[in-house]
Number of protein chains: 2
Amino acid sequence: MTTVSSPTKERILSAAELLFAETGIATTSLRQITSRARVNLAAVNYHFGSKDGLIDAVYERRLGPVTDGWLGNIETLEKQYGDSAIPVEEIVESFVLPVARLAADEVRGGRIFMRLLAQGYSEARHYFEKLFSSQYQHVLDRYRQALRHAIPDLPSESLCWRLQFLLGALTQGLSGGELLRLIEGQADPRDTKRAVKELIPFLVAGLKAPPPQLEMTVELEDGASPSTMDSSVRKASA
Amino acid sequence: MTTVSSPTKERILSAAELLFAETGIATTSLRQITSRARVNLAAVNYHFGSKDGLIDAVYERRLGPVTDGWLGNIETLEKQYGDSAIPVEEIVESFVLPVARLAADEVRGGRIFMRLLAQGYSEARHYFEKLFSSQYQHVLDRYRQALRHAIPDLPSESLCWRLQFLLGALTQGLSGGELLRLIEGQADPRDTKRAVKELIPFLVAGLKAPPPQLEMTVELEDGASPSTMDSSVRKASA
DNA sequence: GTCTATAGAGGGATAGAC
DNA sequence: GTCTATCCCTCTATAGAC
């Protein structure tokens with residue numbers, strides 16, 4: 001490994017990231033990548049060994065800083081608050097910002113990569129599982145502990161669910177999604193700063209919400225005719 | 001078109017759905033599909049015209065009932081409440097349930113399809129855009145109007161953002177996600193009824209959250225050293 | 001480190017018999 | 001409606017010259 005990555009390597013990474021995000025990983029060929037990067041076809045295999053090696057490298061380049069940001073933020077908060085609970089707002093903010101910074105970084109990939117991230121679970125699962133078990137699990141767990149402390153009345157199982165919802169809303173919200181445009185809003189999905197401002201109160205309120213009424217009944221079997229109204233959730237104390 | 005779809009057609013659809021969800025659409029070959037469906041290779045082109053035709057059909061089969069459920073539910077609520085505002089809980093519930101019913105339907109695809117849905121934005125974008133503009137846009141808009149009426153203090157632009165967050169949390173939460181397992185919880189990601197019970201209070205609280213403080217400053221440029229704490233969100237009234 | 005040329009595998013689609 | 005056989009294409013990866 002050289003001290004400074006060769007320009008060729010960077011060109012390939014950026015071109016790959018862009019094309020992956022635009023049309024998917026599997027459908028993007030090395031020919032497309034090298035041609036857009038104005039680099040020779042064989043360079044990919046020389047620098048990354050294989051297409052899989054390239055995919056790994058694309059993710060690695062962007063996710064490193066996010067993990068670093070998460071880890072640094074949560075440690076700072078832990079030290080700052082000692083044994084007292086960290087406010088939920090602070091926790092959420094410190095979690096959202098490193099991701100938002102990535103999404104906002106137009107020069108180095110930005111929102112393009114967020115879309116890759118959103119689809120990553122399916123297309124680069126191997127890489128994600130490896131990465132998660134080695135790094136993210138620890139970091140996520142510290143955030144979970146902090147939230148457990150901050151919202152003591154919430155059962156820890158519910159907290160797990162809410163963390164998952166949070167991740168879904170976060171990736172969707174920062175991906176500059178097609179979705180928002182289709183909702184026909186006046187909102188500009190590319191405005192990352194606005195996305196952060198909108199995300200934080202939404203997530204904080206969701207996390208602080210009263211725990212679910214587990215006694216309630218949810219009917220999901222489609223026994224009734226399709227025209228029947230979904231009156232199938234009934235409170236236990238009705 | 002026959003009154004009852006041929007068994008071959010159904011076999012192909014189910015095999016395709018499964019394989020698409022497991023390994024992605026682009027990487028799944030027609031040979032894999034037809035061999036799993038125990039059907040001849042040429043049958044795909046006979047029944048669906050092309051691989052693209054098959055992809056469309058896979059989505060169509062599952063999404064039809066969801067749209068019908070959404071439309072039926074919102075119309076029932078509109079009639080029921082007349083000119084007065086529908087409670088947010090009712091709106092959310094009536095939106096979540098048709099999707100949950102799909103996710104819970106193990107026999108006819110179930111969660112497998114939810115994963116397809118989650119990745120759909122990237123891999124089947126053409127189909128999604130077509131479908132959205134023709135059907136979903138109208139339905140989503142009625143939900144948006146109902147929420148606007150139910151939460152009059154929320155700026156309509158914020159509502160658009162929150163709808164997007166809602167969709168992200170919903171798909172992530174009902175996909176039986178890998179994520180939840182990695183958070184190392186006691187939660188069972190496959191428990192759709194539980195997911196619904198957890199989703200509703202989370203989403204309702206998020207929607208009802210106070211509007212964002214738009215005056216606050218969000219710093220996303222990474223000027224500072226990486227070790228600096230993210231104290232970059234500052235309230236205007238500090 | 002970069003290039004050309006090509007091997008070798010696997011893909012989607014179709015023609016034509018049954 | 002189903003099947004076989006095959007066409008033609010694009011892909012990844014590599015060997016070997018420079």
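Letters go in sequence order (proteins before strands), and every chain restarts at 1.
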For nucleotides 2-5 of chain D, print each protein N/O atom paired with a nucleotide N/O atom at under 3.5 Å, atom names and distance only.
| residue | atom | partner | partner atom | Å |
| --- | --- | --- | --- | --- |
| D/dT2 | OP1 | B/T8 | OG1 | 2.8 |
| D/dT2 | OP2 | B/H47 | NE2 | 2.9 |
| D/dC3 | OP2 | B/N40 | N | 3.4 |
| D/dT4 | OP2 | B/N40 | ND2 | 3.3 |

* **Gap between atoms CZ and C1', on B/F48 and C/dA13 respectively (whole Å)** => 16 Å
* is_close_aromatic(B/F202, A/W161), centroid dist under 6.0 Å -> no
* Look only at the side chain of B/S94 and the backbone of B/I91, and say whether a donor-acceptor pair between them is shorter than 3.5 Å. => yes
* Asked: When the distance from CG of B/L30 to P of C/dT14 is rounded to whole Å, what number comes out?
  -> 12 Å
* Are the ring centres of B/F113 and B/Y59 closer than 6.0 Å? -> yes
* To do: Could you walk me through whether B/F95 and B/L140 pass the side chain to side chain contact (heavy atoms under 4.5 Å, CB included) test, one step at a time?
  => CA-CA 9 Å; B/F95 188 81; B/L140 271 183; 3.8 Å; yes
* To do: Nearest whole angstrom, please: distance from the P of D/dC11 to the CD1 of A/I25.
  => 16 Å
* Find the distance B/Q32:CD to C/dG12:C1' and express it as a whole number of Å. => 13 Å
* Please lay out, stage by stage, how B/F165 and A/F165 fare under the test side chain to side chain contact (heavy atoms under 4.5 Å, CB included). => CA-CA 9 Å; B/F165 306 153; A/F165 305 152; over 6 Å; no
* Asked: Do the side chain of B/R162 and the main chain of B/L207 share a donor and acceptor less than 3.5 angstrom apart?
  -> yes
* With a 4.0 Å cut-off on heavy atoms, is B/T34 in touch with a base, just the backbone sugar-phosphate, or nothing at all? -> nothing
* Atom pair distance, as rounded to whole Å: CG in A/D52 and C1' in D/dC11 -> 14 Å
* Has the side chain of A/S14 got a donor or acceptor atom that lies under 3.5 Å from a matching backbone atom of A/R11? -> no
* Derivation of the side chain to side chain contact (heavy atoms under 4.5 Å, CB included) call for B/L13 and B/L54 -> CA-CA 7 Å; B/L13 283 171; B/L54 173 58; 4.0 Å; yes
* Asked: Rounded to whole angstrom units, what separation is found between the CG atom of B/L54 and the C1' atom of C/dG12?
  -> 12 Å
* Using the C1' atoms of the five pairs at each end, what is the angle between the end axes of the helix from C/dG1-D/dC18 to C/dC18-D/dG1, to 10°? -> 0°
* **Whole-Å distance separating the CG atom of A/N45 from the C1' atom of D/dC11** => 12 Å
* Between the main-chain N or O of A/L163 and the side-chain N or O of A/Y143, is there a donor-acceptor pair closer than 3.5 Å? -> no
* Is there a donor on the side chain of B/R31 or the base of C/dG12 sitting less than 3.5 Å from an acceptor on the other? -> yes
* Would you say a side-chain N or O of B/S29 is under 4.0 Å from OP1 or OP2 of C/dG10? -> no
